[in-house]
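Lettering follows sequence order; numbering is per chain, from 1.
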Amino acid sequence: MDKYEHQKIEAKWQKIWDETNINKVDLKKAANPFYNLMMFPYPSAEGLHVGNVFAFVGSDVQGRYHRMNGFDVFEPIGFDAFGIHSENFALKKGTHPARMVPKNIDNFRENQLKKVGNMYDWTHEVDTTSPEYYRWTQWIFLQLYKAGYAYREKAPVNWCPSCKTVLAAEQVINGECERCSSEVTKRDMAQWFFKTTAFAQKMLDNLDWIDWSEKTKVAQRNWIGRSQGAQVVFTIDGHDESFEIFTTRPDTLFGVTYMVFSPEHPMLARIVAPEQRAAVEAYQAQVAKMTEIERQAEGKEKTGVFTGAYAINPVNGEKIPVWVSDYVLMGYGTGAIMAVPAHDQRDFEFATKFGLDIRTVISPDGQVHPLEEAYAGDGRMINSGQFDGTPYKEGIRKVTEWLAEKGLAKFQVNFRLRDWCVSRQRYWGPPIPIIYCEKCGAVPVPESDLPVRLPELENYQPDGSGDSPLKRSPEFYHTTCPECGGPAVRETDVSDNFLCSSWYFYRYPSTDFADKAFDPELTKKWLPVDLYVGGNEHAVLHLLYSRFLCMAFKEIGLVDFEEPFKRFVAHGLIVRDGAKMSKSKGNVVNPDDYIREYGADAFRVYLMFMGAYLEGGDFRDEGVRAMRAFLDRVWTNLTPGDDLQKSEPKDEETLYWLHRTIMAVGNDIQRFSYNTALARLMELLNHITKNNVRNKVVFECYLKMLSPFAPFLCEEMWRRLGHQDSVALQSWPVHVEEHTIRQTVEYVVQINGKVRAKMNLGTGLPEEEIESLVLDDERVRNWIEGKKIVKKIFVPDKLVNLVIK
RNA sequence: GCGAGAGUGGCGGAAUCGGUAGACGCACUGGCCUUAGGAGCCAGCGGCCUCUGGUCGUAGGGGUUCGAGUCCCCUCUCUCGCACCA
């Protein structure tokens with residue numbers, strides 16, 4: 001028998017699979033469609049990351065398993081190649097992204113993805129930077145615009161001084177840029193937004209039924225951040241001005257001792273008292289200079305300034321001072337709050353610092369106690385006029401209703417979610433297809449003029465001016481108005497890269513259509529996606545944006561479903577030797593090296609064996625070697641030969657191990673428990689080698705079950721057993737129930753819950769028979785001698801527990 | 001602070017229902033084979049003890065149960081997400 005030469009075998013089958021298009025699905029005719037999606041990679045110059053391989057292989061195992069179970073599996077892949085990441089890298093290397101990206105894609109496809117051995121249908125590849133693709137990204141922008149889901153507004157937006165562009169709220173992580181970790185500042189700019197907030201409630205509601213990893217749903221619920229309360233109207237004393245505040249605790253309205261406006265609140269300038277104007281303006285200037293991190297630093301001491309103005313409390317007509325402080329955010333609620341220091345910790349700190357009144361209005365026992373901190377616990381209302389004695393929860397409703405009757409309040413739901421800021425002042429993205437005309441205003445580019453091509457600029461550096469580099473190209477910038485034909489200019493911002501990735505899975509089945517983004521018939525047949533496997537780091541980015549877009553599509557009438565992914569499974573993260581992988585630590589796993597040295601199969605098997613797929617794992621070099629040794633043992637033991645038995649094995653043990661394995665491996669794969677599935681296969685191999693099993697049926701079943709994990713090796717061995725067709729196209733083996741049960745089982749005999757004996761007894765014997773056999777056993781007799789049996793527990797085919805006294 | 005998840009040998013990790021804790025693998029130890037081993041094969045491998053047996057043991061403490069890694073309560077530690085969100 002020749003040696004297991006992985007390089008030869010893998011190259012051979014990769015070529016044959018490629019040439020025969022073994023993974024191509026007839027999308028129109030498929031009877032039993034299963035859309036198996038994985039998160040398409042960003043084609044970096046460094047090459048495929050081991051985390052990508054881990055994610056993709058785990059997804060591919062599902063694809064292969066489903067195909068062997070009768071599904072027509074569509075498993076496409078593509079490249080998310082627009083975006084700041086590519087652009088920054090190109091800038092650093094001094095090349096042009098338009099020249100760099102195709103090279104990277106080529107490397108990903110030919111040298112990496114194909115070698116890994118996933119069942120990709122390469123006839124439906126997608127590249128977001130190709131005009132054939134981004135033409136439709138722009139078209140989608142226009143559909144949203146026409147339907148009122150896209151709007152342009154001047155607003156304080158997140159600005160990354162290093163990337164020199166604005167960012168969406170989701171792309172600011174703890175005050176830092178998601179891409180480069182620079183501190184983000186606020187900047188007032190006119191930007192394009194998508195109305196994600198229009199679907200806040202629906203996105204929240206649907207989380208109750210979509211089949212997604214719980215942790216992903218939790219992250220989304222958190223991010224959407226629904227809170228229920230009341231909007232209450234206050235008036236300014238001596239001014240003809242009123243303003244609204246949002247509160248979740250209208251029951252504490254009698255405890256309001258001051259009001260706070262956010263420094264950005266537009267009403268401030270009109271109400272501030274003359275003698276306080278200088279102080280307020282100085283404070284506003286000071287806050288404006290701070291970064292988000294400085295402003296939100298934990299434990300930061302409260303700052304603020306009195307405005308000199310007074311508000312009137314609608315519940316009792318009291319005059320209360322109005323302050324300005326940066327602990328009130330313009331972007332949430334109404335940008336102004338009522339402060340109840342007795343029952344809100346932030347207000348408590350502020351009031352303590354500035355010597356403002358603290359008035360208890362909720363008490364567990366009806367008494368006022370001195371407070372060390374705000375009291376947020378249960379209790380009844382006190383010092384609250386006619387509401388005294390009302391439990392606070394009831395008070396929330398009653399006070400709101402009472403004010404509502406007078407037109408001073410209403411029940412209100414607030415969301416933390418903001419609209420999606422999609423403008424980017426960068427070069428490497430799809431230009432936003434809008435033209436500005438002095439006469440006609442913002443005019444959408446006619447669909448027939450799409451794509452608005454991204455010009456090949458040699459000088460594409462962002463300049464931090466707040467304008468995209470595209471503005472520096474007169475040929476691009478100046479155009480004519482599609483409506484009146486007069487002189488006009490183009491929008492020069494490009495759209496957020498996350499827009500490209502919010503719809504790529506609609507495009508995969510429809511890559512053959514040049515005249516539409518996605519074909520309605522194919523979309524109806526293949527979408528929503530059956531299974532999406534990916535990293536949870538996209539819980540509030542890609543996965544949220546994709547849901548928004550799908551809901552907008554549904555409203556517009558482009559699709560008839562409102563959730564794009566029927567099932568989403570978040571895989572775990574992998575670390576190396578217990579530590580996070582990072583370039584600076586120099587402990588990054590380069591998949592190419594391992595694939596070359598041990599083979600893609602050994603690498604795949606190891607990644608899936610390393611730990612629980614949904615939890616992540618710890619990558620160790622010895623582990624890869626061990627998996628190579630495992631595959632070597634498969635290779636040397638499951639060999640063809642004249643000595644092979646052709647029919648089902650006769651001995652009970654072999655039948656038991658085989659059928660038990662078939663049953664377990666299928667179950668394990670279905671619940672993504674790949675490490676235990678492989679452990680089962682190792683056990684079966686141990687049985688085969690120990691007992692020198694030489695049985696063709698056993699070998700064939702074995703190769704089928706191992707093939708999702710080690711497709712190359714299993715294909716080669718399958719053919720050597722005399723087959724003309726691929727192992728990947730075989731049916732998954734079916735276990736026979738009776739073979740999974742042995743004639744005897746090992747009973748555990750417990751005395752008072754402690755294991756005292758183990759006995760091999762007949763399977764399925766009645767309780768009485770087992771009992772007499774157990775009581776006959778010498779060990780058992782020794783334990784119960786002179787004692788009384790007070791209780792007997794019998795678990796069929798498993799255990800007997802005797803309780804003695 | 002709030003929310004979610006986790007804590008099991010020297011290590012990675014098993015243990016659908018409450019029913020043999022430590023599957024499978026790594027590392028290690030001994031043996032076989034070998035000119036050689038970073039190969040292969042066989043055996044051992046949680047701690048302790050009076051060692052064919054006993055006893056303790058799944059972060060710590062309590063509880064429910066015939067029986068708890070698993071269920072309940074309290075405490076501690078770690079990871080992730082959100083965080084001055086009114």
Hey, what's the ring geometry for A:Tyr4 with A:His6, parallel, tilted or perpendicular (30° and 60° as the breaks)? perpendicular
Provide, to the nearest angstrom, the distance between the CZ atom belonging to A:Arg346 and the C1' atom belonging to B:rC85. 7 Å
For A:Val260, which contact category applies under a 4.0 Å heavy-atom criterion: base, sugar-phosphate, or nothing? nothing
Given A:Tyr594, which of A:Phe54, A:Tyr606, A:Phe603 fulfils the ring-ring contact (aromatic ring centres under 6.0 Å, His included) condition? A:Phe603
Can a donor-acceptor pair be found between the side chains of A:Arg756 and A:Asn801 at a distance below 3.5 Å? no
Find the distance A:Asn752:CG to B:rU65:P and express it as a whole number of Å. 15 Å
Closest nucleotide of RNA chain B for A:Asp344 versus for A:Asn686: which of these residues is on the 5' side? A:Asn686
Rounded to the nearest Å, what distance is computed from the CG atom of residue A:Asp577 to the P atom of nucleotide B:rA27? 13 Å
So does A:Lys302 reach the base of B:rC84 with its side chain, donor to acceptor, closer than 3.5 Å? yes
Look at the side-chain N and O atoms of A:Ser227 and state whether any lies under 4.0 Å from the OP1 or OP2 oxygen of B:rA86. yes
Residue-phosphate contact under 4.0 Å: A:Asn222 side-chain N/O, B:rC80 OP1/OP2: no
Round to the nearest Å and state the distance from A:Tyr674 atom OH to B:rG13 atom P. 18 Å
Under 4.0 Å, heavy atoms only, any strand: does A:Ala612 hit a base, just the sugar-phosphate, or nothing? sugar-phosphate
Using the P atom on both, measure B:rU70 against B:rU20 and round to a whole Å. 13 Å
Parallel, tilted or perpendicular, as decided by the 30° and 60° cut-offs, for the rings of A:Trp212 and A:Phe568: tilted
Roughly how many Å apart are B:rC11 and B:rG61, using the C1' atom of each and rounding to a whole number? 29 Å
Please report, rounded to the nearest Å, how far the P atom of B:rG53 is from the CH2 atom of A:Trp783. 12 Å
Minimum-distance nucleotide (side-chain atoms of A:Lys791 versus B:rC66, B:rC56, B:rG19): B:rC66
Paired with B:rA43 by Watson-Crick or G-U wobble geometry, both distances under 3.5 Å: which nucleotide is it? B:rU29
Hey, which of these two, A:Leu799 or A:Tyr606, hits RNA chain B nearer its 5' end, going by closest nucleotide? A:Tyr606
Return no unless some side-chain N or O of A:Asn675 is found under 4.0 Å from OP1 or OP2 of B:rG12. no
Please classify the nucleic acid contact of A:Arg680 as base, sugar-phosphate, or nothing, using heavy-atom distances under 4.0 Å. nothing
Do A:Tyr65 and A:Gln670 have side-chain atoms, one donor and one acceptor, less than 3.5 Å apart? yes
Please determine whether a side-chain nitrogen or oxygen atom of A:Lys217 lies at a distance below 4.0 Å from atom OP1 or OP2 of B:rG3. no
Counterpart base for B:rC17, defined by Watson-Crick or G-U wobble contacts under 3.5 Å: none
Classify A:Arg633 by what it touches in the nucleic acid, base, sugar-phosphate, or nothing, heavy-atom distance under 4.0 Å. sugar-phosphate
What's the closest nucleotide to the side chain of A:Lys690 if the choices are B:rC11, B:rA43, B:rA86? B:rA43
Examine B:rA27: is either OP1 or OP2 under 4.0 Å from a nitrogen or oxygen in the side chain of A:Arg625? Give yes or no. no
When rounded to the nearest Å, what value does the distance between P atoms of B:rG47 and B:rG22 take? 14 Å
Taking atom C1' in both B:rG44 and B:rA68, compute the distance separating them and give it to the nearest angstrom. 30 Å
Between CG of A:Leu614 and P of B:rG13 the distance, given in whole Å, is 14 Å
Which base, if any, makes a Watson-Crick or G-U wobble pair with B:rC85, both distances under 3.5 Å? none
What nucleic acid atoms does A:Glu349 come within less than 4.0 Å of, heavy atoms only: base, sugar-phosphate, or nothing? nothing
Whole-Å distance separating the CZ atom of A:Arg756 from the C1' atom of B:rC66: 14 Å
Quick check for you: among B:rC66, B:rU20, B:rC11, whose closest atom lies nearest to any side-chain atom of A:Val748? B:rU20
If you look at every strand shown and take non-hydrogen atoms under 4.0 Å, does A:Arg576 touch a base, only sugar-phosphate, or nothing? nothing
Residue A:Arg671, side-chain heavy atoms: nucleotide from B:rU20, B:rG67, B:rA15 that is nearest: B:rA15
Which part of the nucleic acid does A:Asn667 contact within heavy-atom distance under 4.0 Å: base, sugar-phosphate only, or nothing? base
Looking at every strand, decide which applies to A:Gln750 at a 4.0 Å heavy-atom threshold: base, sugar-phosphate, or nothing. base
Any donor-acceptor pair under 3.5 Å joining the side chain of A:Glu214 to the base of B:rG5? no
Against the side chain of A:Asp618, the closest entry in B:rC24, B:rA86, B:rG13 is B:rG13
What is the base-pairing partner of B:rG53, counting Watson-Crick and G-U wobble geometry with both distances under 3.5 Å? B:rC49
The nucleotide from B:rC82, B:rC66, B:rC80 with an atom nearest the side chain of A:Lys580 is B:rC80
Under 4.0 angstrom, heavy atoms only, what part of the nucleic acid is A:Asp326 near: base, sugar-phosphate, or nothing? base
The Watson-Crick or G-U wobble partner of B:rC80, with both key distances under 3.5 Å, is B:rG3
A:Phe794 has an atom CZ; how far is it from atom P of B:rG19, in whole Å? 17 Å
Selection from B:rC84, B:rG67, B:rA86 that lies nearest to any side-chain heavy atom of A:Asn801: B:rG67
What does B:rU70 pair with, Watson-Crick or G-U, if both distances are under 3.5 Å? none
Glycosidic conformation of B:rC51, syn or anti, with 90° from 0 as the boundary? syn
Checking side-chain polar atoms at under 3.5 Å, does A:Ser227 have a donor or acceptor matched by the opposite partner on A:Asn414? no
Syn or anti for B:rG9, taking syn as within 90° of 0? syn
Classify A:Phe609 by what it touches in the nucleic acid, base, sugar-phosphate, or nothing, heavy-atom distance under 4.0 Å. base
Is a side-chain donor-acceptor pair under 3.5 Å present for A:Ser673 with A:Thr676? yes
Just call it for A:Lys215: base, sugar-phosphate, or nothing, with non-hydrogen atoms closer than 4.0 Å on any strand. nothing
Quick one: CG on A:Asn752 to CH2 on A:Trp783, what's the gap to the nearest 0.5 Å? 9.5 Å
Regarding A:Arg416, tell me which of base, sugar-phosphate or nothing describes its non-hydrogen contacts under 4.0 Å with the strands shown. base
Between A:Trp323 and A:Tyr258, what is the ring plane arrangement, given parallel below 30°, perpendicular above 60°, and tilted in between? perpendicular
